[in-house]
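Have a look at the structure below before the remarks.
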Amino acid sequence: PGGRGPGRPRWEPTPGDRAKVVELAGEGVPQDRIAALLGVTAPTLKRHCAEELRQAARSRARRSDP
């Protein structure tokens, strides 16, 4: 009594979610927009898809190198 409920279930990105993150981030879509498309917050996206976000950033950097 008086306590809070169990809250939301933990978000676990699917392989498809991870691929979508790489694709969208690689196209330069902002992280808050990617998060919204996946139905999570930006901090949750960063927590669970950090490697995919880094991968996309490296890919963008390589494409912009002369």
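Residues take their numbers from the sequence shown, with the count starting at 1.
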Run the side-chain hydrogen bond (donor to acceptor under 3.5 Å, both in side chains) check on R63 and S59 step by step: do they pass? CA-CA 6 Å; R63 285 193 305 250; S59 176; 3.3 Å; yes
So side chain to side chain donor-acceptor pair (under 3.5 Å) across residues 21-40, not counting sequence neighbours, yields none
Of all the heavy-atom pairs spanning R18 and P13, show the shortest one and how long it is. NH2-CG, 3.4 Å
Measure the shortest side-chain to side-chain distance between L38 and V21 over non-hydrogen atoms and say whether it is less than 4.5 angstrom. yes
Applying side chain to side chain contact (heavy atoms under 4.5 Å, CB included) to T41 and not counting sequence neighbours gives P43, T44
According to side-chain hydrogen bond (donor to acceptor under 3.5 Å, both in side chains), who are the partners of E51, at least two apart in sequence or on a separate chain? R54, R58
So if you build clusters from Ile, Leu, Val, Met, Phe, Trp, Tyr with side-chain heavy-atom gaps below 4.5 Å, do L45 and V22 land together? no
